[in-house]
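Scope of the values below: all heavy atoms of this structure, side chains included, with no hydrogens, waters or symmetry mates. Proteins get letters first, then strands, A, B, ... in listed order; numbering begins at 1 in each.
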Amino acid sequence: MSSDHLPAEAVPATDTPRYDFRAAEPRWQKAWNDAACFRVEDVPTDGRPKYYVLEMFPYPSGKIHMGHVRNYTLGDVVARFKRACGFSVMHPMGWDAFGLPAENAARERGIHPGKWTWDNIAAMRTELKRMGLSIDWAREFATCDPAYYGHQQALFLDMLRAGLVERRYAFVNWDPVDGTVLANEQVIEGRGWRSGALVEKKRLSTWVMRITDDAPDLLAALDEMPRWPERVRLMQANWIGRSEGARLRFAVADPAGIDSVEVYTTRPDTLFGMSFLAIAAEHPLAAQVAMTNPGAAAFIADVQSKGTSEAVLEALEKKGFPTGVDVINPFTGLRHPVWIANFVLMEYGTGALFGCPAHDQRDLDFARKYDLPVIPVVLPPGADPQTFGITDKPFDGEGVAYQSAFLDGLGQRDAKAAAIAEITRRGIGQGVVNWRLRDWGVSRQRYWGCPIPIIHCETCGVVPVPKSDLPLILPDDVTFYRPGNPLDHHPTWKHVACPSCGKAAMRETDTFDTFVDSSWYFARFCSPQAEAPVVRAAADHWLPVDQYIGGIEHAILHLLYARYFTRAMKATGHLSASEPFAGLFTQGMVTHESYKSQDGAWLYPEEVVRRADGTMVHKDTGRDVVVGRIEAMSKSKRNTIDPANIIARYGADTARWFILSDNPPERDIEWTEAGVLGAYRFTQRLYRLAENATFEAGDTPAEFGPAARALRRLTHRTIAAMTEAVELLAFNVAVARVYEFANGFAEADKAADQPGLAWARFEALDAMAVLIAPMMPHLAEEIGQMLRPGTTNLVAQAAWPVADPDLTAAEAFTIAIQVMGKLRTTIDVAPDAVEDDVLARAEAEPNVAKALEGKRIVKRIYVKNRIVNFVVAG
RNA sequence: GCGAGAGUGGCGGAACGGUAGACGCAGUCGACUCAAAAUCGACCGGCGCAAGUCUUGGGGGUUCGAGUCCCCCCUCUCGCACCA
């Protein structure tokens, strides 16, 4: 045990702990392993219903953290519960093993990324196994293993052939610190999601997955996913971003080359309020103007150098440059200037828009800055058309069109329809649906990723690596002391003969975005050793995942990509399912107090000690410590607790029990030493209760004394309540029921001997063992052994108990007696009590009679077994 | 700005429209102990000696009855945000 360096006062002081988890936990882990309790077949034939539980697989950073403990405990409770309920449960584990930290380690410490990763996997596997998770370890794989990523390459080639993937020259988000391309989804407030560096625009050749083709289906299917959190579905819907509007062409007034500009608009009804047309810096018309206008060229260069990120930083200041070109408004025939503007995105719509300052904030800001006309064409309800005007706020609400010729008097909806009809009639455009979602660029200029299996030949162009040559393996001998992609610097790897013509050719040196790796691992788990990427029969049996569990931070990126990739695998004949995850649960974070020394340095919880008065002091220096906010555990704030230490000190069951007990799992949980100690004490208490109890197995006795009956009722009510709570993932409530059960059992333990009591105790403990097994599996086995010494049956394989309805029904009800909704007293009644009798008794209660005095009863409300309410007058 | 969610004792939180505060943590008192820890027992929202009375962010409403349903407001958290 490595607890020697831990503060002595934190070590649980119990005279002689009866339950020796240090011996028990490894013993039961071995027993489960020996009995292969958690193994399932790729294609099972036993006829049991399947249930696939999956937690988001970990990145092998080196150690497990509390977020992992929470994630895998939640999943394990579900897996063990479903298994006990008779399901054939697949619960696998793997490693999301490609990614930048491995390369950083290589640069900083001279370790090869592969060695670093595999060593981390080994260390974390050991830690995870100590948690006692019911995982089918035979299914384990790492995405950095050619045996995995080779199949990924094959999938990619299939998708390429099917037209789901294409090569594109495009402006990409370039992270100058990581030296790689980022997907839109990976740019947060203009910065790289990992490096935090300002993202630049760069034109590169990249591989793109055509996720936008599936945008309509990805959006529509969200409505058919009742077991996903509403919040996540909304986030995805917003991200996909469907909008309805129109495309229309504006004729250029004095054409010199380009003779029209097409815009996208969601407000065709405001066309009469147009005062300018704005185009993106990358727009072809801008390029044409720049050829003869140095000012325009300079402006374009300025916008492009700063990119979108700089704009965000500059408090979104709108800037434009007049091109001198005019366009003609098809509805009014008026001429309007074309501006190049820094806020127009080439990637959205058509890269051009018409400005209607009266009804759009951004257009209004722009118009005010450059002194362009502001013409209101929608009248707010109740406003006077003679006096209505726009000052600093546009009117973007629902109103009636005016000063708009044939649209006058129409509401927004009708005006839009009429405008689109007119645009269509004139053949200058049509109504369209537009999407915010961008295609998914998957090329990354990185070494530690899955190589993209493509060869570039001067004669043949883009040539796929023949499938017989897969897996295309990463070379091991790379160096990291130069910036950029080590694969590109490798002396020989990229030089290869063209598979088609045999001439010298070059390998693609980009690797896949690691989100590709995690977009199909759930499918690979179904047949992890297969020769093909997936065995159709296995995947069709197990998919979709019935319960997927992970952090909310993956609400968009990972989950959207995985949904798309599943569709792409279906389109290429690898799967039948369209949706990978039927049920999704997003867990809350694990938080902890943070501590700072007086000179402002963050301190680890191990470095501080709580004084009797609750203030904190630095252990070594004795100086006061500033207690900071309670926030998500992070290395930078040093407010982390190492799960390995907790498991060593208190055992896996304690860690599992605590992380389940305090909070609903979707909320953040604060890790506290006191809470853990409480959980630890409860493991000991349960053990003692079972150990000290007098119980007796055997046939159901014919007779039960009052205490025995009470205990039996508690047992069966607990079974019913636990079943419901676990089913709903309300684990904190399930924990509360176990506490109640234990308290009630302790009560019954003290009762005088009576018929059936010893048997009722056996029944209670027998149920207890199975009920707690999902949460505290090792302790459950210990109790199982006490009940049946020497048995080789494992609680892990026991069936979930079934509540006897005769025993869950209450023997009597305490019902509330109210007068005008105010509680006056309670009375106990039999379940089959007659209404009139209950009412009469209630009315006769002294407190009730007092409240009724001098009043006339107008109405008597009676809800069986619940409540009586007298409505009175006077 | 737009969208979503949440406000209940000292704390985490329970509560099919039906006795608000289950259960845990912390705390108080007692037993055991030379003492402490552990353990066991009692208490544990406010005011009140008590009978009572007030109490689920604030205000209104629906209802015999509202933490729960409806409307308005306040606060906090999260997500998105030059999207035309």
Side-chain angles (χ1 to χ4, degrees), chain A residues 9 12-17 188-189 229-239 241 243 245-246 263-267 270 277-278 280 308 311-312 316-318 341-345 347-356 360-363 365-366 396 434-438 552-553 555-556 614 658 661-664 666-670 672-679 681-682 684-685 688 721 725 730 732-743 746 750 814-826 847 850 858-863 865-872:
Chain A
E9 58 278 7
T14 102
D15 52 346
T16 42
I188 318 281
E189 289 178 358
E230 178 68 25
R231 184 158 76 119
V232 175
R233 283 186 285 156
L234 253 159
M235 282 162 73
Q236 293 222 342
N238 289 338
W239 191 266
S243 73
V263 304
Y264 173 73
T265 178
T266 55
R267 293 296 302 273
T270 63
L277 192 142
T308 52
V312 170
L316 313 179
E317 197 201 348
K318 316 242 171 316
N342 66 345
F343 62 82
V344 183
L345 307 174
E347 311 86 63
Y348 188 79
T350 60
L353 59 91
F354 80 80
C356 175
D360 182 276
Q361 183 69 57
R362 190 202 44 215
D363 293 350
D365 294 347
F366 193 79
D396 53 11
N434 202 47
W435 304 89
R436 182 185 176 281
L437 185 67
R438 302 268 72 85
I552 185 73
E553 68 273 17
I556 296 172
F658 173 69
S661 64
D662 248 28
N663 266 18
E666 68 274 16
R667 289 198 212 165
D668 290 353
I669 186 169
E670 188 194 352
T672 62
E673 189 70 20
V676 177
L677 271 167
R681 283 196 295 260
F682 186 65
Q684 293 293 341
R685 177 163 180 245
R688 278 196 314 271
N732 58 324
V733 179
V735 163
R737 297 288 97 87
V738 172
Y739 275 112
E740 282 172 339
F741 195 15
N743 293 342
K750 283 179 291 190
T814 303
I815 69 172
I817 313 301
Q818 302 178 338
V819 177
M820 295 297 280
K822 267 199 183 310
L823 181 71
R824 290 301 162 186
T825 191
T826 60
N847 277 347
K850 206 170 87 189
V858 180
K859 196 172 175 188
R860 296 171 173 83
I861 311 284
Y862 174 72
V863 181
N865 300 340
R866 287 222 171 258
I867 205 160
V868 170
N869 188 14
F870 294 106
V871 184
V872 298

Chemist: Please pick, from B/C80, B/U19, B/G18, the nucleotide with the shortest atom-to-atom distance to any side-chain atom of A/Val863.
Modeler: B/G18

Chemist: By the 4.0 Å heavy-atom rule, please label A/Arg231 as base, sugar-phosphate, or nothing.
Modeler: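 Sugar-phosphate contact only.
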
Chemist: Any idea which of B/C83, B/C16, B/C82 is nearest the A/Arg866 side chain?
Modeler: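 From the listed options, B/C16 comes nearest.
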
Chemist: For B/G52 and A/Lys822 - does any side-chain N or O of the residue sit under 4.0 Å from the phosphate oxygens OP1/OP2?
Modeler: no

Chemist: My understanding is that only residues two or more places apart in sequence, or in another chain, count here; which of them pass side chain to side chain contact (heavy atoms under 4.5 Å, CB included) with A/Asn865?
Modeler: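 For A/Asn865, the residues satisfying side chain to side chain contact (heavy atoms under 4.5 Å, CB included) (neighbours in sequence not counted) are A/Phe813.
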
Chemist: Reckon A/Tyr264 touches a base, only the sugar-phosphate, or nothing at all at heavy-atom distances under 4.0 Å?
Modeler: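 The residue A/Tyr264 makes base contact.
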
Chemist: Tell me the interatomic distance from A/Glu673, atom CD, to B/C25, atom C1', rounded to whole angstroms.
Modeler: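 Those two atoms, CD and C1', are 13 Å apart.
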
Chemist: Taking the minimum atom-to-atom distance to the side chain of A/Asn743, which one of B/C23, B/A81, B/C64 wins?
Modeler: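 Minimum distance to the A/Asn743 side chain belongs to B/C23.
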
Chemist: Between B/G13 and B/G57, how far apart are the P atoms? Round to whole Å, please.
Modeler: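 To the nearest whole Å, 14 Å.
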
Chemist: I need the CD-C1' distance between A/Gln818 and B/U63, as an integer number of Å.
Modeler: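 Value for this atom pair: 12 Å.
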
Chemist: Please report the shortest heavy-atom distance between A/Ser661 and A/Val735, naming the atom on each side.
Modeler: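 Reported closest heavy-atom pair: CB-CG1, 3.6 Å.
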
Chemist: Taking the chi torsion of B/G13, is it syn (within 90° of 0) or anti (everything else)?
Modeler: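 This nucleotide is in anti.
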
Chemist: When the distance from CZ of A/Arg685 to P of B/G41 is rounded to whole Å, what number comes out?
Modeler: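 To the nearest whole Å, that distance equals 7 Å.
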
Chemist: Which part of the nucleic acid, if any, lies within contact of A/Thr814, taking any heavy atom under 4.0 Å across all strands shown: a base, the sugar-phosphate backbone alone, or nothing?
Modeler: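 Base, at least one base heavy atom under 4.0 Å.
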
Chemist: Donor-acceptor pair, distance only, cut-off 3.5 Å: does the side chain of A/Asn869 make one with the backbone of A/Ile817?
Modeler: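 Answer holds: no.
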
Chemist: Who are the ring-ring contact (aromatic ring centres under 6.0 Å, His included) partners of A/Tyr739, not counting sequence neighbours?
Modeler: A/Trp657, A/Phe682

Chemist: Check every atom of B/G24, B/A4, B/G18 against the side chain of A/Tyr739 and return the nucleotide holding the closest atom.
Modeler: B/G24

Chemist: Quick one: label A/Asn847 by what it contacts on the DNA or RNA (base, sugar-phosphate, nothing), any heavy atom closer than 4.0 Å.
Modeler: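 A/Asn847: backbone/sugar contact only, no base atoms under 4.0 Å.
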
Chemist: Whole angstrom is fine here: how far is it from CD1 in A/Ile556 over to C1' in B/A4?
Modeler: 12 Å

Chemist: In whole angstroms, how far is the C1' atom of B/C23 from the CZ atom of A/Phe741?
Modeler: 15 Å

Chemist: P atom, B/A6 versus B/U68: distance in rounded Å?
Modeler: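 Per the computed distance, 13 Å lies between those P atoms.
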
Chemist: Using a heavy-atom cut-off of under 4.0 Å over every strand shown, decide if A/Leu234 touches base, sugar-phosphate, or nothing.
Modeler: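 Sugar-phosphate only.
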
Chemist: If I take atom CD in residue A/Glu230 and atom P in nucleotide B/A6, what distance separates them, rounded to the nearest angstrom?
Modeler: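 Roughly 11 Å, once rounded to whole Å.
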
Chemist: If every non-hydrogen atom of A/Arg824 is compared with every non-hydrogen atom of A/Asn847, which pair is closest and at what distance?
Modeler: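 For A/Arg824 versus A/Asn847, the nearest heavy atoms are O-ND2, 3.5 Å.
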
Chemist: Measuring only the C1' atom in each nucleotide, how far is B/G21 from B/G45? A whole number of Å is fine.
Modeler: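 Result for the C1' pair: 8 Å, nearest Å.
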
Chemist: Base, sugar-phosphate, or nothing for A/Arg233, non-hydrogen atoms under 4.0 angstrom?
Modeler: nothing

Chemist: Could I get the full list of side chain to side chain contact (heavy atoms under 4.5 Å, CB included) partners for A/Ala721, not counting sequence neighbours?
Modeler: A/Arg737

Chemist: Could you state the atom-to-atom distance from CZ of A/Phe870 to C1' of B/G65 in whole Å?
Modeler: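 A/Phe870 atom CZ is separated from B/G65 atom C1' by 14 Å.
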
Chemist: Of all residues at least two apart in sequence or in a different chain, which pass the side chain to side chain contact (heavy atoms under 4.5 Å, CB included) check with A/Ser243?
Modeler: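 Per chain and number, A/Ser243 pairs via side chain to side chain contact (heavy atoms under 4.5 Å, CB included) with A/Tyr264, A/Thr266, A/Tyr348, A/Asn434.
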
Chemist: Can you tell me which nucleotide in B/G41, B/G79, B/A81 comes closest to the side chain of A/Met235?
Modeler: B/G79

Chemist: Summarise how protein sits on nucleotides 8-15 of chain B as a single string, 5' to 3': B when a protein heavy atom is under 4.0 Å from the base, S for sugar-phosphate-only contact, - for no contact.
Modeler: ----SSS-

Chemist: Starting at the 5' end of RNA chain B, what dot-bracket string do you get if Watson-Crick and G-U pairs under 3.5 Å are bracketed, crossing pairs use [ ], other-strand pairs use | and unpaired bases use dots?
Modeler: (((((((..(((.....[....))).(((((.......))))).(((....)))..(((((..]....))))))))))))....

Chemist: Expressed as a whole number of angstroms, how long is the span from A/Asn238:CG to B/G1:C1'?
Modeler: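 Atom-to-atom, A/Asn238 to B/G1, this comes out as 14 Å.
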
